[in-house]
Asker: 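Dumping the structure here so I can ask a few things about it.
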2 protein chains.
Amino acid sequence: MSDLFPKKGHDHDRCVHSALAQAEKVCDAENARFTDMRRKVFTLIWQSHKAVTAYELLDALTAEGQRVQPPTVYRALEFLTELGLVHRIESLNAYFGCDRPDCEHLGQYFICTDCGRVAEAVNEDMSNAVRKAARGVGFTIEATTVEIKGLCHDCATH
Amino acid sequence: MSDLFPKKGHDHDRCVHSALAQAEKVCDAENARFTDMRRKVFTLIWQSHKAVTAYELLDALTAEGQRVQPPTVYRALEFLTELGLVHRIESLNAYFGCDRPDCEHLGQYFICTDCGRVAEAVNEDMSNAVRKAARGVGFTIEATTVEIKGLCHDCATH
DNA sequence: CAGAAAATGATATATTATAACATTTCATCA
DNA sequence: TGATGAAATGTTATAATATATCATTTTCTG
């Protein structure tokens, strides 16, 4: 079993730095501006491996001394989402940083209902099953939402 | 190809009556009360093959002369959802009537972005792929959300 | 640097959902 | 059969999530 979820005590700064580096790369490639606000929001999203709501981000920005209104946060989220740097978790109305913003993928999200962490999988079996099912019913896929709630391995075993 | 979506001009009364009959059966089996309000909400949900928001239901009830507040609708939805008579479509914040309330299943939803219709699939390939992926990462499933947006066959070809 | 485009600020409001307490309805059994 | 408790619904208020619109600032480009 390969746990998708990060180990306890992992070096989270590394996650954040790597995510920032990837984000910069993607923005660069897309000729999109990774402005201060976008970087702040992105960094806040990466503060944990949980999904974060727009208003939690708003509060965090306020706590940092920024006086910011909802549209500002939602715009940053829209930007980040469109570039694939962040995914919206529909069943939580919350946002989650993407590990692999540089490749197209149908992501699948495991959401632990105990610790709240989220992990993204890019599982070809699942993707193919979805594509095949769609083909079977003559359906043209534009977007998919696959969210799986339950207990991560840590929470199930402790 | 077997289209999941109902044919144009199908006898929709039959859908509604069949759904009501199934709902009654399930409520009976569960010793749950299919009250007037619950039946009204359920019937309204089945007025189309689209997903319906709570406030659309509220408006429809108001139009019928009922003066109803949000909690009333949300309670009916909670009841129907818990019995599996209705599913929540997370990516639409809307509710959709279930065809197969009598058997446990991990449902998958195809949502046409053109005509707005929704169709539920119970595809074992998809379900198994999800279960297998979860097993592979030591994840214990509690609930799944699989929602596929795109064009239904009718809309793709017309 | 001027002008256009993009981003952010600010205000207001729409949409979705729930908390808390009051009242009514319904099943049951003494 | 009517008292009683549980379930359902009514009522009021408010929380949580999201967007529309117009003003201002920042950045890019020629």
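Every chain is numbered from 1, with letters handed out A, B, ... down the list of sequences.
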Asker: Scan residues 143-158 of chain A for pairs that pass side-chain hydrogen bond (donor to acceptor under 3.5 Å, both in side chains), counting only residues two or more places apart or in two chains.
Answerer: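 Residue pairs passing side-chain hydrogen bond (donor to acceptor under 3.5 Å, both in side chains), neighbours aside: A/Ser91-A/Glu147, A/Ser91-A/Lys149, A/Arg117-A/Asp154.
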Asker: Kindly write out the residues that satisfy salt bridge (charged side-chain N to carboxylate O under 4.0 Å, His left out) with A/Arg33, not counting sequence neighbours, or none if the list is empty.
Answerer: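 If we apply the salt bridge (charged side-chain N to carboxylate O under 4.0 Å, His left out) test to A/Arg33, skipping adjacent residues, there are no hits.
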Asker: Between A/Ala94 and B/Arg38, name the one whose nearest nucleotide on DNA chain D is closer to the 5' end.
Answerer: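 Whichever sits nearer the 5' end wins; that is B/Arg38.
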Asker: If hydrophobic residues (ILVMFWY) are linked whenever their side-chain heavy atoms come closer than 4.5 Å, directly or via other members, who joins A/Leu106 in its cluster?
Answerer: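 Listed partners: none, A/Leu106 stands alone.
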Asker: Other than B/Val122, what residues sit in its cluster of Ile, Leu, Val, Met, Phe, Trp and Tyr side chains whose heavy atoms are under 4.5 Å apart, directly or through others?
Answerer: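 Direct or chained contacts put B/Val122 with none.
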Asker: Could you identify which residues of residues 20-37 of chain A place a heavy atom less than 4.0 Å from some atom of DNA chain D, listed by residue number, or say none?
Answerer: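 Of all residues in residues 20-37 of chain A, the ones placing a heavy atom under 4.0 Å from DNA chain D are A/Arg33.
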Asker: Could you tell me whether A/Arg39 and A/Glu24 make a salt bridge, using a distance below 4.0 angstrom between a side-chain N and a carboxylate O?
Answerer: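 Salt bridge present between A/Arg39 and A/Glu24.
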Asker: Between which nucleotides of DNA chain C, 5' to 3', does chain A make heavy-atom contacts below 4.0 Å?
Answerer: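 Boundary nucleotides touching chain A, in 5' to 3' order, are C/dA6 to C/dT11.
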Asker: Which parts of residues 107-114 of chain A get close to DNA chain D, meaning a heavy atom less than 4.0 angstrom away?
Answerer: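 Residues of residues 107-114 of chain A that come under 4.0 Å of DNA chain D do not exist, since none gets that close.
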Asker: Using a cut-off of strictly less than 4.0 Å between a heavy atom of the residue and any atom of DNA chain D, enumerate the qualifying residues of residues 67-92 of chain A by number.
Answerer: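 Only A/Pro70, A/Pro71, A/Tyr74, A/Arg75, A/Arg88 qualify.
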Asker: Does anyone know the first and last nucleotide of DNA chain D in reach of chain B, 5' to 3', at under 4.0 angstrom to a heavy atom?
Answerer: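 Listing 5' to 3', DNA chain D meets chain B from D/dA7 to D/dT12.
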Asker: Provide the full list of side-chain hydrogen bond (donor to acceptor under 3.5 Å, both in side chains) pairs with a residue in residues 71-81 of chain A, sequence neighbours left out, each pair given once.
Answerer: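 Found none.
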Asker: Considering residues at least two apart in sequence or located in another chain, which fulfil the side-chain hydrogen bond (donor to acceptor under 3.5 Å, both in side chains) criterion with B/His49?
Answerer: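 side-chain hydrogen bond (donor to acceptor under 3.5 Å, both in side chains) list for B/His49, sorted by chain: B/His10, B/His12.
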Asker: Which of residues 41-53 of chain A sit near DNA chain C, with a heavy atom under 4.0 Å from it?
Answerer: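 Residues of residues 41-53 of chain A that come under 4.0 Å of DNA chain C do not exist, since none gets that close.
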